[in-house]
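Everything below concerns the one structure shown next.
Just so you know, residue 1 is the first one in the sequence shown, and it goes up from there. Keep in mind that what you see is a predicted model, and the values were worked out from it rather than measured. Because only heavy atoms are used, hydrogens play no part in the values below, and waters and symmetry mates are left out as well, while side chains stay in.
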Amino acid sequence: MYLLKFRFCVFISALQEQTINKEEIALIGYMTLVVILLATMVIVFFIAFQKRKNKLLLEKIKQRKEFEETVAKTSEEIQEQTLKYLGQELHDNIGQLLSLASMQMGMLGVKIAEDIKEPFAETQKTIKESLDEVRALSKSLNTDVIQNRGFEKSINAEIARLNKLSLITADFNIIGDVKPFKNDKDGIILFRILQEFISNTVKHSKAKSLNILLDYSRDNLLIIKATDDGNGFVLDDVKESSGLLNMKNRAELTESTFSLTSHPNQGTMLEIHYPITKRGLKTHEIL
């Protein structure tokens, strides 16, 4: 009887132990599930936070880029209006004064003595050449004139003006079939970049020759090159100059890649890669 009771107690103890083990297993499983759920929630929250953060960052970058583009476009428009105004003033005021001086010189020509006729004729010629230069310069500054002429003819007129003044020997070449600009403003902006380069060459480089090349032979791309054989310079010394920054900013407005290379006593080269087809498609979409 005692033995039976002992076995029964052992059996009860075994059952209790099994029950405790199941409860421990259930508790461990529950705790594991809770930990997994918490970890999942943390991961999901972190991913959502990162996506939100990245979205806000991208929006900020986009807004900043749009703001910079707006500022650059506004600045370009102000510069164009200023140049147009200067061109009109040159034509209307200084041009008229020189025209009047030329007429007066012509009227005086019949009254002067024989011994001063030759220097008088030279002076009259100088006034006429100055008048022609003022008119040509006023046209190169006037946006409407450039737009009506077109990109290539505007460059050709600038080259002709340089050669006429004998400031430098200038040359202009075109490779491939000319593709018209779908966006007239792009043509004006690119022409202004070349004007800036030409101005710097004439004023600072002491170059003897200048060459401008338009290469239309590449698919979807116009390559513009301008080179001179002047003194050159160290790029780091002028990287913050207003002229260089203006050229870079203008190139960015047309989504062009811009590069300027120069070395002392080795001349300077400007190269622009203008995505002519891509810009044409964008213009078509806007229209």
Test side-chain hydrogen bond (donor to acceptor under 3.5 Å, both in side chains) applied to N148 - qualifying residues, sequence neighbours left out |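 Here no residue qualifies.
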Identify, with sequence neighbours excluded, every residue that meets side-chain hydrogen bond (donor to acceptor under 3.5 Å, both in side chains) alongside E152.
->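 Partners of E152 by the side-chain hydrogen bond (donor to acceptor under 3.5 Å, both in side chains) criterion, ordered by chain and then number, come out as Y216.
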Should L244 and F258 be marked as a side-chain contact (heavy atoms from CB on, under 4.5 Å) after you check the CA-CA gap, both sets of side-chain angles, and the distance that decides it?
-> CA-CA 10 Å; L244 183 58; F258 169 93; 3.9 Å; yes
Walk me through it: do Y274 and F181 pass the test ring-ring contact (aromatic ring centres under 6.0 Å, His included)?
-> CA-CA 11 Å; Y274 172 69; F181 284 74; 5.2 Å; yes
Check whether the side chains of S209 and D229 place a donor and an acceptor atom closer than 3.5 Å, and report yes or no.
->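 Yes - a donor-acceptor pair under 3.5 Å links their side chains.
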Are [X] and [Y] linked, directly or through other ILVMFWY residues, by side chains that come within less than 4.5 angstrom of each other?
| X | Y | answer |
| --- | --- | --- |
| L213 | L260 | no |
| V178 | I188 | yes |
| V202 | M247 | yes |
| L165 | F172 | yes |
| L245 | I272 | no |

Are D228 and I198 close enough, and set up right, to give a side-chain contact (heavy atoms from CB on, under 4.5 Å), and what steps lead you there?
-> CA-CA 9 Å; D228 68 43; I198 292 170; over 6 Å; no
Could you give the distance from [atom1] ([X]) to [atom2] ([Y]), rounded to the nearest 0.5 Å?
| X | Y | atom1 | atom2 | result |
| --- | --- | --- | --- | --- |
| T257 | E271 | OG1 | CD | 7.5 Å |
| N200 | S205 | CG | OG | 8.5 Å |
| L210 | N163 | CG | CG | 9.0 Å |
| T201 | I212 | OG1 | CD1 | 8.5 Å |
| I155 | I174 | CD1 | CD1 | 7.5 Å |
| I189 | N246 | CD1 | CG | 12.0 Å |

Compare all side-chain heavy atoms of [X] with those of [Y] and state whether any distance is below 4.5 angstrom.
| X | Y | answer |
| --- | --- | --- |
| T254 | R250 | no |
| L194 | L270 | yes |
| P264 | V234 | yes |
| E158 | F191 | yes |

Stepwise side-chain contact (heavy atoms from CB on, under 4.5 Å) test for D186 and I276 | CA-CA 9 Å; D186 283 2; I276 189 166; over 6 Å; no
With distance as the sole test, does S262 use its side chain to make a donor-acceptor pair with the main-chain N or O of F233 at under 3.5 Å?
->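 Pair found, side chain donor or acceptor close to backbone of F233.
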More than 12 heavy atoms of other residues, nucleotides or ligands under 6.0 Å from CG of D177: is that the case?
->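 12 or below, so no.
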How about K179: does its NZ atom have over 12 heavy atoms from other parts shown lying under 6.0 Å from it?
->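 Check passes, neighbour count above 12.
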Where do I224 and I193 land on the side-chain contact (heavy atoms from CB on, under 4.5 Å) test, with the steps shown first?
-> CA-CA 10 Å; I224 304 169; I193 295 174; over 6 Å; no
